[in-house]
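Contents: one structure, followed by commentary.
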2 protein chains.
Amino acid sequence: MPDSSLPMPKSPTPDPEKSESPAPDSLMTIREMVETYGVTARTLRFYEAKELLAPIREGQKRLFTRRDRARLKLILQGKRFGFSLEEIRQLLDLYDMGDQQKTQLRATYELGQRHLANLKAKRDELDAAIADLTEQLEWGARKLAELEARNPAK
Amino acid sequence: MPDSSLPMPKSPTPDPEKSESPAPDSLMTIREMVETYGVTARTLRFYEAKELLAPIREGQKRLFTRRDRARLKLILQGKRFGFSLEEIRQLLDLYDMGDQQKTQLRATYELGQRHLANLKAKRDELDAAIADLTEQLEWGARKLAELEARNPAK
DNA sequence: CGTTACCTTGACGTAAACGTAAGCTTGTGG
DNA sequence: CCACAAGCTTACGTTTACGTCAAGGTAACG
């Protein structure tokens with residue numbers, strides 16, 4: 001599978017080997033990942049098995065690249081919005097492609113459009129829910145004040 | 001594009017008045033619920049078992065009240081945002097209380113506040129995600145145009 | 001050289017959220 | 001009266017997303 005770098009205009013120069021001082025943190029061990037992102041090692045291995053992440057191997061150990069980290073962030077974000085890992089995988093493929101064929105690109109583009117519409121619909125719903133809850137809480141506040149007046153708190 | 005207009009009761013009892021039923025369609029059978037909300041009967045029974053719904057019983061059968069329907073809508077909405085049924089149950093309790101004791105009210109009020117903050121945070125995140133994806137898609141559009149210009153295929 | 005500390009790959013366990021199949025009740029119509 | 005549709009309960013199956021051992025590799029430390 002031909003790798004494709006992210007289209008992001010990355011500024012920092014990738015500093016490969018650098019003795020063994022404080023890592024240029026371009027590569028992270030599983031433990032560092034765990035601590036940085038608050039997930040378990042099991043989770044990271046699971047995501048790799050599901051092909052959501054693709055850490056490189058140094059011998060037997062995994063080393064997570066900056067690309068893995070970007071993807072992990074998107075995964076965690078997606079999960080907070082109720083997307084399944086499978087759905088997230090689709091999204092990742094979108095964020096990812098840098099040099100696909102036109103047809104592929106167009107297909108992915110349209111997938112992205114649908115996802116965007118999805119997200120916007122979700123936001124509208126969320127706005128409505130926020131409005132509802134706010135109203136509900138205002139009602140609660142009034143009721144509280146009422147009770148407070150009628151029966152002065154201890 | 002779910003939902004259509006009010007589905008006609010296909011049962012052969014279009015009797016406008018029947019005995020002592022002063023309710024219009026304030027009560028719905030499980031089948032009507034299924035058709036109205038696009039959930040399965042199993043799901044409705046499951047939600048009842050989990051105490052998210054509390055349909056009344058006519059003999060053995062369930063009859064869902066307008067309260068049940070309001071709650072179901074909130075449940076489905078909550079699910080779309082990745083809340084667990086248990087979390088949703090908490091939320092329902094909030095939307096629900098009409099005459100609790102002061103202490104209870106205050107506690108619930110604060111729970112509501114936290115949920116509201118939660119929702120707002122979620123919205124911010126969602127806004128950011130939308131911005132990202134939009135940008136990504138714009139990049140895709142440019143890339144498409146580029147390919148189109150360079151190789152004006154079919 | 002042994003111990004410790006991580007890391008690895010299975011493999012099985014689990015909680016959530018239903019699906020599905022079996023078998024019992026009930027009302028309604030031909 | 002009997003069949004049949006609709007509901008009901010009970011209970012086991014399924015999928016998703018990991019948790020939790022078990023058994024073993026490897027590198028560094030003392």
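Labels below follow one simple rule: chain letters A, B, ... track the order of the sequence lines, proteins then strands, and each chain is numbered from 1.
Counting heavy atoms from C-beta on, the side chains of A:K50 and A:Y47 never come closer than 4.5 Å. Between A:M33 and A:V39, every side-chain heavy-atom pair lies at or beyond the 4.5 Å cut-off.
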Please produce a list of atom pairs where a protein N or O lies less than 3.5 Å from an N or O of nucleotides 22-25 of chain D.
none

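If you check D:dC18, C:dC7, C:dG19 against the side chain of A:I30, the one that comes closest is C:dC7. Of the candidate nucleotides C:dT8, D:dG7, D:dC18, D:dC18 has the atom nearest to the side chain of A:R42. For A:R45, the listed nucleotide lying nearest its side chain is C:dT9; candidates were C:dT9, D:dG7, D:dA17. Checking C:dT8, D:dG7, D:dT9 against every side-chain atom of B:R62, the shortest atom distance belongs to D:dT9.
Between the CD1 atom of B:I56 and the P atom of D:dC8 there is a distance of 13 Å, rounded to whole Å. Going from atom CG of A:L63 over to atom P of C:dC6 covers 17 Å, rounded to whole Å. If you take CZ of A:R31 and P of C:dT8, they are 9 Å apart, rounded to a whole angstrom. Remark: C1' of D:dA6 and CD of B:E35 are 12 Å apart, rounded to the nearest angstrom. Whole-Å rounding puts the A:E87 CD to D:dT15 P distance at 17 Å. Rounded to an integer number of Å, the gap from CD of B:E58 to P of D:dC8 is 11 Å. We find that CG of B:L44 is positioned 12 Å from C1' of C:dC18, with the value rounded to whole Å. Atom pair B:F46:CZ and C:dT20:C1' shows a separation of 15 Å (rounding to whole Å applied).
Counting heavy atoms of neighbouring residues, nucleotides and ligands inside a 6.0 Å radius, atom CD of B:E51 does not exceed 12 of them.
Distances shorter than 4.0 Å separate none of the side-chain N or O atoms of A:T40 from OP1 or OP2 on D:dC18. At the phosphate of C:dG19, OP1 or OP2 sits under 4.0 Å from a side-chain N or O atom of B:T43. Close to C:dA17, at under 4.0 Å from its OP1 or OP2, lies no side-chain N or O of B:Y47. Side-chain nitrogen and oxygen atoms of A:R89 include none within less than 4.0 Å of the OP1 or OP2 phosphate oxygen of D:dT16. Phosphate proximity of C:dC6 to A:T29: absent, as no side-chain N or O sits under 4.0 Å from OP1 or OP2.
Looking at B:K79 and B:E87, no side-chain N of the basic residue comes within less than 4.0 Å of a carboxylate O on the acidic one, giving no salt bridge.
Nearest heavy atom pair, residue B:A41 against residue B:I30, reads CB-CD1, 3.8 Å. Shortest non-hydrogen contact noted between A:Y37 and A:L76 is O-CD1, 4.1 Å.
Put simply, the side chain of A:D124 never gets that close to the backbone of A:A121: no donor and acceptor are under 3.5 Å apart. The main-chain N or O of A:N118 is never found under 3.5 Å from a side-chain atom of A:R123 such that the two would form a donor-acceptor pair.
Looking at residues 70-85 of chain B, you'll see B:K79, B:S84, B:L85 sit with a heavy atom under 4.0 Å from some atom of DNA chain C.
A cation-pi contact links A:K122 to A:F83, judged by a cut-off of 6.0 Å to the six-membered ring centre and 45° from its axis.
Taking CZ of A:R67 as the start and OG of A:S26 as the end, the distance is 14.5 Å to the nearest 0.5 Å.
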